[in-house]
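Computed from heavy atoms alone, side chains included, the values below leave out hydrogens, waters and symmetry copies.
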Amino acid sequence: MSSTLTVTGGAPLKGSVAVRGAKNFVTKAMVASLLGETTSRLRNVPAISDVAVVRGLLELHGVRVSEGAEDGELVLDPADVEVAAVADIDAHAGSSRIPVLFCGPLVHRLGEAFIPDLGGCRIGDRPINYHLDVLRQFGAVVDKRPSGIALSAPRRLRGTRIALPYPSVGTTEQVLLTAVRAEGVTELRNAAVEPEVLDLIAVLQKMGSIISVDTDRVIRIEGVDTLTGYEHRALPDRIEAASWASAALATGGDVYVEGARQPDMMTFLNTFRKIGGAFDVDDSGIRFTHPGGPLRSIALETDVHPGFMTDWQQPLVVALTQAQGLSILHETVYENRLGFTDALVRMGATIQVYRECLGSTPCRFGAQDFRHSAVVSGPTRLQGADITVPDLRGGFSQLIAALAADGTSRVHGIDLIDRGYEHFADKLAALGAQAVRDEEPARV
């Protein structure tokens, strides 16, 4: 079955929504539980499909996962970790790329690991070569097979020196999850330092790891023989918070995001204010409003933290279609992230995409044939249309466009949005949106 949302747009979103733990942290913290000898407790876990996928993969490997006493709490007991059947892993992994992060912990616990072909959003290359190269440097033996990749370690994994060509979040997480129980010291240069990465480091330190983070993107990990479980409350999801903020701006609304945290969103908040949005921060969250009057066009470049996050770009582009003048966008993180704008153009937006770098931030795609820059001309009235969701963040962005548009839109394949947005249809209803979800039979 695939899901469709029928949206009648044109009304401002008003009200309050709550965000829970960050998808990009929670799923990695769940994997970290494999490294412990005792039970872990993770709180503030969102009810999203990516969490369900990781839970299923953990259970396939013998981890007992149960609900805690607190709403949104998971209890993870890794006492009986075991090898999982290849077919079972493959069945679960099709909707997520996270199995690659199981490799280090499983090799430590079992001496072997297996990765099937990986799925995930089609927004760029996202190669797992970085991961495999890293694991080889720790001493893992990588065996590529028709059904996937098998890894083993004839001897204990050993600490190493690694310099990443790009501060990849996923590869940084791979190094952390592998190095903490490797023999000796690991030094990682050009590491990602996103808030979700630092929260994972906090979890690993609670488990008994010795990890230092320098200001020059160097992380040092002293391997230890054993780790215990952890108790931790996940940091809030700054991507979801920014998505609701962008929806408020695009629709002329007023949305209070309970759980949103200012320190993790400072770069977004600065940009939100430059465009013409307003926000108020209190101890429990952030209120995002369109204060009236015209929105302002801007020049925007995405970058790794502390730059403007690539996952913030897509929902904010919808608001930029309502800004006066020309906004210039340069996407430097994922080469195919602008494909979602095709649907916005069909809805009436004036967006032109380019292969050239329209900005000064160093970019890996400048000499390649990728449409990774855009010029948005506004303001333009959007009209309802039939839309098929291309990926998680692009899909939510197209949903924002449907909410801002005149008339009715049918947004197909919104089950992809369930991967990262907890109960988003219920939240839309709480904000006064006219959106009805229905299931479509799968095509044969």
### Query
Yes or no on side chain to side chain contact (heavy atoms under 4.5 Å, CB included) for Phe102 and Leu151, after CA distance, side-chain angles and deciding distance?
CA-CA 11 Å; Phe102 276 65; Leu151 297 98; over 6 Å; no
### Heavy-atom donor-acceptor pair, Asp77 side chain to Thr39 backbone, under 3.5 Å
no
### Message
Using a 6.0 Å cut-off, check whether atom CD of Glu70 has over 12 heavy atoms from anything other than its own residue.
### Response
yes
### Query
Does the side chain of Phe308 reach to within under 4.5 Å of the side chain of Leu300, using non-hydrogen atoms?
yes
### Query
Is the shortest side-chain N to carboxylate O distance from Asp426 to Arg437 below 4.0 Å?
no
### Message
Taking the side chain as everything from C-beta on, heavy atoms only, tell me whether Leu338 gets closer than 4.5 Å to Leu329.
### Response
yes
### Working for side chain to side chain contact (heavy atoms under 4.5 Å, CB included), residues Val54 and Val51
CA-CA 5 Å; Val54 178; Val51 166; 6.0 Å; no
### Residue list, salt bridge (Lys or Arg N to Asp or Glu O under 4.0 Å) with Arg189, at least two apart or on another chain
Glu187
#### Entry: pair Val169-Asn24: side-chain heavy atoms closer than 4.5 Å
no
#### Entry: Residue pairs fulfilling ring-ring contact (aromatic ring centres under 6.0 Å, His included) with at least one residue in residues 200-236, sequence neighbours excluded
Phe25-His232
### Task
Please name the pair of heavy atoms, one in Ala248 and one in Val255, separated by the smallest distance, quoted to 0.1 Å.
CB-CG2, 3.7 Å
### For Arg261, side-chain hydrogen bond (donor to acceptor under 3.5 Å, both in side chains) partners two or more places apart
Asp264
### Message
What I'd like to find out is whether the side chain of Leu34 reaches to under 4.5 Å of the side chain of Val63, using heavy atoms alone.
### Response
yes
### Query
Excluding sequence neighbours, so at least two apart, what forms side-chain hydrogen bond (donor to acceptor under 3.5 Å, both in side chains) with Glu67?
Arg55
### Query
Are Arg393 and Tyr421 close enough that a side-chain donor and a side-chain acceptor fall under 3.5 Å?
yes
### Message
For the CG atom of Leu403 and the CD atom of Gln398, what is their distance to the nearest 0.5 Å?
### Response
12.0 Å
### Message
Any donor-acceptor pair under 3.5 Å linking the side-chain atoms of His412 with those of Thr4?
### Response
yes
### Query
Which residues pass the side-chain hydrogen bond (donor to acceptor under 3.5 Å, both in side chains) test with Arg217, sequence neighbours left out?
none
### Message
Determine whether a donor-acceptor pair (N or O, by modelled atom type, separation under 3.5 Å) exists between the side chain of His372 and the backbone of Phe370.
### Response
yes
### Message
Ignoring hydrogens and geometry beyond distance, is a side-chain donor-acceptor pair present between Arg220 and Thr186 at under 3.5 Å?
### Response
no
### Message
Strictly distance-based, threshold 3.5 Å: is any side-chain N or O of Thr310 a donor or acceptor partner for the main-chain N or O of Thr302?
### Response
no
#### Entry: Test: Lys23 and Glu422 ion pair at under 4.0 Å
no
### Query
Is the closest side-chain heavy-atom distance between Ile48 and Arg419 below 4.5 Å?
no
#### Entry: Polar side-chain atom of Thr228 near backbone of Gly36 as donor-acceptor pair, under 3.5 Å
no
### Message
With rounding to the nearest 0.5 angstrom, report the CZ to CG distance, Phe396 to Leu416.
### Response
13.5 Å
### Message
For the backbone of Gly229 and the side chain of Thr38, can you confirm whether one donor and one acceptor N or O come within less than 3.5 Å of each other?
### Response
yes
### Query
Hey, is Glu73 close enough to Arg41 for a salt bridge, meaning N to O under 4.0 Å?
yes
#### Entry: Check: Ser33 side chain, Ser40 main-chain N or O, donor-acceptor pair, under 3.5 Å
no
#### Entry: Closest non-hydrogen atom pair, Ala260 against Val19
N-CG2, 3.9 Å
### Task
Kindly say whether Ala278 contributes a backbone atom to a donor-acceptor pair with the side chain of Arg287 at under 3.5 angstrom?
no
### Task
Quick one: pull up CD1 in Ile221 and CD1 in Ile201 and give me the separation to the nearest 0.5 Å.
7.5 Å
### Query
Would you say the side-chain atoms of Thr6 and Arg410 include a donor-acceptor pair closer than 3.5 Å?
yes
### Task
Taking the six-membered ring for Trp and the single ring otherwise, decide whether the centroids of Trp312 and Phe272 are under 6.0 Å apart.
no
### Query
With a 4.5 Å limit on heavy-atom distance, are the side chains of Trp244 and Leu249 in contact?
no
### Message
Does any part of the side chain of Leu431, heavy atoms only, come nearer than 4.5 Å to the side chain of Tyr256, both counted from C-beta?
### Response
no
### Task
May I ask you to decide if Val318's main-chain N or O and Thr321's side chain share a donor-acceptor pair within less than 3.5 Å?
yes
### Task
Would you please classify the geometry between the Phe288 ring and the Phe279 ring as parallel, tilted or perpendicular, with 30° and 60° separating the classes?
tilted
### Query
Going by atom types alone, do His330 and Glu301 pair a side-chain donor with an acceptor below 3.5 Å?
yes
### Message
I'd like to check the side-chain hydrogen bond (donor to acceptor under 3.5 Å, both in side chains) partners of Arg364; sequence neighbours left out, ordered by chain and number.
### Response
none
### Message
Checking Arg233 against Leu42 for the side chain to side chain contact (heavy atoms under 4.5 Å, CB included) test, could you report, in this order, the C-alpha distance in whole Å, the side-chain angles of both residues, the deciding distance, and whether it holds?
### Response
CA-CA 6 Å; Arg233 176 173 293 277; Leu42 181 60; over 6 Å; no
### Query
Any side-chain donor-acceptor pair under 3.5 Å between Gln314 and Ser397?
no
### Message
What I want to find out is whether Lys427 reaches Glu240 closely enough, with some N-O distance under 4.0 Å, to be called a salt bridge.
### Response
yes
### Query
When you look at Thr171 and Ile162, which way does the side chain to side chain contact (heavy atoms under 4.5 Å, CB included) test go after all the steps?
CA-CA 11 Å; Thr171 313; Ile162 299 168; over 6 Å; no
### Message
Less than 4.0 angstrom from a charged side-chain N to a carboxylate O is my criterion; do Asp225 and Arg181 meet it?
### Response
no
### Task
Go through the steps to decide whether Glu331 and Arg371 satisfy the test salt bridge (Lys or Arg N to Asp or Glu O under 4.0 Å), and finish with yes or no.
CA-CA 9 Å; Glu331 169 61 51; Arg371 301 191 308 167; over 6 Å; no
#### Entry: Worked check of salt bridge (Lys or Arg N to Asp or Glu O under 4.0 Å) between Lys14 and Asp254
CA-CA 5 Å; Lys14 293 185 177 182; Asp254 181 341; over 6 Å; no
### Trace of the salt bridge (Lys or Arg N to Asp or Glu O under 4.0 Å) decision for Asp369 with Arg355
CA-CA 6 Å; Asp369 194 27; Arg355 292 174 172 83; 2.3 Å; yes
### Task
Indicate whether any N or O donor in one side chain lies under 3.5 Å from an N or O acceptor in the other, for His131 and Gln174.
yes
### Task
Mind checking the CD-CD1 spacing from Glu196 to Ile239? Nearest 0.5 Å is all I need.
6.0 Å
### Task
Starting at OG of Ser168, measure out to CG of Asn190 and round the result to the nearest 0.5 Å.
10.0 Å
#### Entry: Nearest-0.5 Å distance that lies between atom CG in Leu74 and atom CG in Asn44
11.0 Å
### Query
Asp311 and Arg337: salt bridge (Lys or Arg N to Asp or Glu O under 4.0 Å), yes or no, with the steps?
CA-CA 9 Å; Asp311 290 309; Arg337 193 136 225 184; 2.6 Å; yes
### Query
Do Leu132 and Ile149 come within less than 4.5 Å of each other through their side chains, counting heavy atoms only?
yes
